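As the structure is a prediction and not an experimental result, all values here were calculated from the model. Each chain gets a letter, A, B and so on, in the order the sequences are listed, and its residues count up from 1.
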Protein chains: 2
Amino acid sequence: MVGVTAPLAGSADPEVRSSMSTRVATDEDGTSKLSRAATIYDVAARAKVSHQTVSRYLRKYPGIRPETRERVELALAELNYRPNQAARTLATNRSLRIGAFAYEMLEVGPSQIMQGASRRARDAGYMLDLVTLFPSDDEATQNAINEMYQQNLAGVIASAPTDRVREALEAADFGVPLYIETEREDELGAEHESLNAVGTRKLVDHLVDQGHTTILNIAGPPSWIASLNRVNAYRRAMLHRGLEPLDSLHTDWSAASGYKLARQMPLDRGVTAIVATNDQVALGVVRALIERGVAVPDDMSVVGFDDIPESEFFLPPLTTVQTHFDMQGKYSIDMLLSMIHNSEAPVREDYVSADLVLRSSTARAPVA
Amino acid sequence: MVGVTAPLAGSADPEVRSSMSTRVATDEDGTSKLSRAATIYDVAARAKVSHQTVSRYLRKYPGIRPETRERVELALAELNYRPNQAARTLATNRSLRIGAFAYEMLEVGPSQIMQGASRRARDAGYMLDLVTLFPSDDEATQNAINEMYQQNLAGVIASAPTDRVREALEAADFGVPLYIETEREDELGAEHESLNAVGTRKLVDHLVDQGHTTILNIAGPPSWIASLNRVNAYRRAMLHRGLEPLDSLHTDWSAASGYKLARQMPLDRGVTAIVATNDQVALGVVRALIERGVAVPDDMSVVGFDDIPESEFFLPPLTTVQTHFDMQGKYSIDMLLSMIHNSEAPVREDYVSADLVLRSSTARAPVA
DNA sequence: CTGTAGGGAGCAGGTGGTGGT
DNA sequence: TACCACCACCTGCTCCCTACA
């Protein structure tokens with residue numbers, strides 16, 4: 001949306017480009033080195049105390065005499081002391097950084113999840129070390145796992161879009177807690193429904209309540225766990241209502257693929273409603289239907305999934321299910337933190353839900 | 001879009017949740033520690049060489065006898081040695097991590113930029129340390145700057161959406177190269193136009209060519225540099241064509257704000273075309289216009305900015321300008337790397353452009 | 001003996017010099 | 001003259017142990 005951009009090369013004020021000029025030395029190999037900052041020894045010397053006392057102050061030990069404390073504080077401020085995290089990590093074998101695997105997509109979901117994760121991590125005093133990948137790039141995944149391993153992280157979160165990625169992550173052994181965000185239905189207790197399942201069931205129920213009986217599912221990529229969950233939930237929901245599920249058609253999550261598919265799809269099977277795997281696909285499908293002279297929702301009802309901010313303003317406004325991407329990210333971090341601190345796992349229901357959002361892309365089934 | 005989610009709390013297989021059980025020790029304070037991995041000394045002992053030789057091997061020195069080299073390689077593999085980056089950073093005062101400031105938004109642009117940056121950074125052997133913030137949260141910005149400072153980074157990239165953020169960043173002194181992605185027009189040479197300006201000019205020219213003379217600009221937030229650039233470019237482009245620019249109206253970049261504004265705006269000023277600050281706002285505006293009985297594009301032409309993947313499937317498909325968010329991120333990284341290595345700055349034109357994408361939301365001006 | 005402070009080892013690894021084969 | 005081992009010390013910080021009042 002924004003297009004915040006940069007000064008054109010060459011026209012940039014060097015002081016704006018960087019602070020290299022003043023504080024960054026450069027090697028003969030042309031690689032800049034980190035600046036030489038004040039250490040606790042410098043601070044100690046200035047405050048006329050031992051480095052120990054400075055360290056104690058920094059780690060908030062009590063037992064420092066007020067006058068000593070003041071001298072330390074003054075020296076700290078005068079030297080603009082900033083602790084060196086690398087040294088701290090080396091000495092304590094502990095760190096405040098969390099690794100995160102994310103997947104490159106044009107859709108907003110994954111990045112919203114990461115925003116939520118990043119925020120929650122920051123609130124808990126951690127930074128996120130981010131690696132973005134294509135799920136299909138096995139080699140890059142392996143390399144990234146390897147690099148993460150070396151980074152002295154407190155833990156790692158990852159979303160596993162496909163079983164392949166998931167297996168690679170599980171086999172990885174980061175040596176630290178790892179939380180994989182995925183939703184394998186075979187791992188959920190029988191009493192629990194996945195979020196995808198809950199949402200999909202609500203959508204199908206809504207359509208059936210509106211009198212639809214022949215409902216088509218336009219799914220995401222078959223290799224994606226989230227997509228398969230939605231497909232399975234569609235089938236179960238149909239059967240539960242005594243209706244025959246149709247074979248799902250597959251897209252790549254994009255509006256373009258939904259459009260392309262719906263342009264070609266046969267229309268003579270009596271389908272009166274479509275459950276699209278997400279809002280983008282629904283958008284493409286609606287566009288294709290309208291081009292083919294099928295009115296939405298009069299001739300065909302269409303529902304999406306996710307409730308992206310734009311869905312409310314589509315024509316017609318899209319009936320969908322609201323997921324809370326940022327809360328999913330926050331949940332991942334809280335889950336990981338509970339592992340790191342060996343405390344009780346947070347309850348997922350407190351974070352996420354799948355609420356039906358009724359808008360105008362659905363209507364009662366047309367009388368045949 | 002995806003909704004990749006997690007097993008419900010309590011029903012998760014502990015082995016899936018983490019690998020803590022086998023490899024992570026736990027303190028009495030409940031904080032897990034990093035695992036104790038093999039060091040170069042362990043490797044050296046096993047290979048019956050000195051730690052020196054192992055170190056040389058790892059840093060790819062030549063001059064190691066093939067048989068020695070083999071012994072080292074074997075020991076490395078047997079012990080599953082992974083270098084400790086914290087120790088390496090401490091010893092060399094060098095690191096392979098880049099800090100990145102990003103801003104939390106529902107729109108896709110910023111996260112696309114970060115994806116591009118993350119990918120390019122990885123290709124160059126760097127990791128991204130991500131911090132996401134709200135631009136308006138000054139305190140969080142200061143805290144984040146402070147934390148970044150301690151992280152032994154090779155450099156920092158940031159987008160400065162507002163002058164306020166920009167000033168905070170510039171004053172920060174990270175001690176390492178800093179590249180701020182912004183586009184202050186007063187810093188561009190007179191011969192250079194900003195990307196926002198180029199795109200906006202193309203849009204205005206297109207509309208004027210279609211016979212429109214009274215063109216309204218619906219802008220983003222006035223504090224955002226990118227938004228102001230687009231406003232200024234609109235004014236210049238209008239004047240350049242001998243037309244009177246109207247006062248710009250402001251949104252928050254969202255479809256909802258565009259909708260709300262366009263629902264209330266007076267329609268009696270002879271406006272026949274609207275330049276919206278991005279595609280989302282354009283979507284909201286179109287929806288509001290149609291609700292008010294104004295046909296798009298017959299009564300009113302509307303253009304967006306950014307060409308998000310959905311725009312092609314809006315009704316009507318949106319005429320807009322294509323920006324390349326991922327390339328902007330890549331450019332930021334390349335720019336930063338050129339600073340880190342003291343090499344020549346990349347040329348921005350090789351990365352980004354603003355190409356007009358003609359679709360159906362614009363038409364010739366209606367005859368009055 | 002309690003409160004306060006300092007000395008020194010060690011975290012993993014990099015780098016220099018020297019000397020031996 | 002290659003190759004490599006050994007010794008010593010450096011990075012910044014934590015932490016155990018000790019010493020002094």
Side-chain angles (χ1 to χ4, degrees), chain A residues 25 27-29 31 33-72 75-76 79-96 149-152 175, chain B residues 25 27-29 31 33-72 75-76 79-96 149-152 175:
Chain A
D27 264 9
E28 62 287 351
D29 68 356
T31 305
K33 307 184 74 168
L34 273 42
S35 66
R36 187 70 53 204
T39 71
I40 52 168
Y41 292 92
D42 301 328
V43 174
R46 187 167 245 271
K48 301 204 198 313
V49 297
S50 75
H51 68 110
Q52 254 297 16
T53 305
V54 178
S55 176
R56 273 199 270 263
Y57 172 85
L58 291 171
R59 282 173 298 119
K60 305 196 198 311
Y61 266 52
I64 300 176
R65 217 176 330 208
E67 66 202 63
T68 314
R69 171 181 297 270
E70 265 176 40
R71 290 215 311 280
V72 172
L76 244 18
L79 295 176
N80 191 27
Y81 173 81
R82 294 285 180 284
N84 179 323
Q85 289 299 340
R88 208 194 283 254
T89 296
L90 182 60
T92 58
N93 197 27
R94 217 175 246 122
S95 91
L96 291 173
Y149 186 101
Q150 307 175 22
Q151 292 293 337
N152 309 88
Chain B
D27 265 7
E28 63 288 350
D29 67 355
T31 305
K33 307 184 74 168
L34 274 42
S35 66
R36 188 71 52 207
T39 72
I40 52 169
Y41 294 92
D42 301 327
V43 174
R46 186 168 246 271
K48 300 201 200 313
V49 297
S50 75
H51 72 108
Q52 257 287 23
T53 306
V54 178
S55 177
R56 272 202 269 266
Y57 172 86
L58 291 172
R59 281 172 299 116
K60 305 197 198 310
Y61 264 53
I64 299 177
R65 215 178 332 209
E67 66 203 63
T68 314
R69 171 179 297 272
E70 267 175 39
R71 289 215 311 280
V72 172
L76 244 18
L79 295 176
N80 191 28
Y81 172 80
R82 293 286 181 285
N84 179 324
Q85 289 299 338
R88 210 193 281 255
T89 296
L90 181 60
T92 60
N93 197 26
R94 218 176 243 120
S95 90
L96 291 173
Y149 186 101
Q150 307 176 23
Q151 292 292 338
N152 309 90

Next item on the list: Let me know, please, whether Ala91(A) or Val49(A) comes out on the 5' side of the other along DNA chain C by nearest nucleotide.
Entry: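 With Ala91(A) and Val49(A) compared, the 5'-side residue is Val49(A).
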If you measure from [atom1] on [X] to [atom2] on [Y], what distance do you get to the nearest 0.5 Å?
| X | Y | atom1 | atom2 | answer |
| --- | --- | --- | --- | --- |
| Asn84(A) | Ile40(A) | CG | CD1 | 10.5 Å |
| Ile64(A) | Arg69(A) | CD1 | CZ | 5.0 Å |
| Tyr61(B) | Arg56(B) | OH | CZ | 8.0 Å |
| Asp42(A) | Asn80(A) | CG | CG | 12.0 Å |
| Thr39(B) | Arg82(B) | OG1 | CZ | 14.5 Å |

Check: What residues form a salt bridge (charged side-chain N to carboxylate O under 4.0 Å, His left out) with Arg88(A), not counting sequence neighbours?
Finding: none
Checklist line | Per Thr92(B) side chain, nearest of listed nucleotides dG14(C), dG12(D), dG13(C) | finding: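 In terms of side-chain proximity for Thr92(B), the closest of dG14(C), dG12(D), dG13(C) is dG14(C).
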Checklist line | Stretch residues 57-68 of chain A: residues that reach within less than 4.0 Å of DNA chain D through a heavy atom | finding: Arg59(A)
Item checked: dG12(D) phosphate, OP1 or OP2, under 4.0 Å from Thr39(A) side-chain N/O -> no
Margin query: Check the phosphate of dG14(C) against Ser55(B), side-chain N and O only, distance under 4.0 Å to OP1 or OP2. Yes or no?
Written below: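 Looking at the OP1 and OP2 atoms of dG14(C), one of them is under 4.0 Å from a side-chain N or O of Ser55(B).
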Protein and nucleotides 16-21 of chain D: nitrogen or oxygen contacts under 3.5 angstrom:
unit_1  : atom_1 : unit_2   : atom_2 : d
dC16(D) : N4     : Gln52(A) : NE2    : 2.3

Round to the nearest Å and state the distance from [X] atom [atom1] to [N] atom [atom2].
| X | N | atom1 | atom2 | answer |
| --- | --- | --- | --- | --- |
| Arg71(B) | dC4(D) | CZ | C1' | 10 Å |
| Leu90(B) | dT11(D) | CG | P | 9 Å |
| Asn152(B) | dG12(D) | CG | P | 10 Å |
| Arg88(A) | dC13(D) | CZ | P | 8 Å |
| Arg69(B) | dA2(D) | CZ | P | 17 Å |
| Asn93(A) | dT14(D) | CG | P | 14 Å |
| Leu76(B) | dA12(C) | CG | C1' | 14 Å |
| Gln150(A) | dA12(C) | CD | P | 15 Å |

Margin query: Show, in sequence, the C-alpha distance, side-chain angles and deciding distance for Tyr81(B) and Leu58(B), and conclude whether the side-chain contact (heavy atoms from CB on, under 4.5 Å) test is met.
Written below: CA-CA 11 Å; Tyr81(B) 172 80; Leu58(B) 291 172; 3.5 Å; yes
Notebook entry, point to check: Counting only distance, no hydrogens or angles, is the base of dG8(C) paired donor-acceptor with the side chain of His51(A) under 3.5 Å?
Noted result: yes
Item checked: Base dG13(C) to side chain Tyr41(B), donor-acceptor N/O within 3.5 Å cut-off -> yes
Notebook entry, point to check: Can you list every side-chain hydrogen bond (donor to acceptor under 3.5 Å, both in side chains) pair that touches residues 45-54 of chain A, not counting sequence neighbours?
Noted result: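 For residues 45-54 of chain A: Tyr41(A)-His51(A), Arg46(A)-Glu78(A), Ser50(A)-Thr53(A).
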Note to self: At 10 degrees resolution, what angle do the end axes of the helix from dT2(C)-dA21(D) to dT21(C)-dA2(D) form when each is taken over five base pairs?
What the structure shows: 40°
Next item on the list: Could you list the residues that satisfy side chain to side chain donor-acceptor pair (under 3.5 Å) with Tyr57(A), not counting sequence neighbours?
Entry: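 With sequence neighbours excluded, Tyr57(A) shows a side chain to side chain donor-acceptor pair (under 3.5 Å) to Glu73(A), given in chain and number order.
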Notebook entry, point to check: Does a donor on one side chain sit under 3.5 Å from an acceptor on the other, for Gln85(A) and Gln151(B)?
Noted result: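 Judged by distance alone, the side chains do not pair up.
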Check: Looking only at atom types and distance, does a side-chain atom of Thr89(A) sit under 3.5 Å from a main-chain N or O of Ala86(B), one as donor and one as acceptor?
Finding: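 Answer holds: no.
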Note to self: What I'd like to find out is whether the side chain of Val72(B) reaches to under 4.5 Å of the side chain of Val49(B), using heavy atoms alone.
What the structure shows: yes
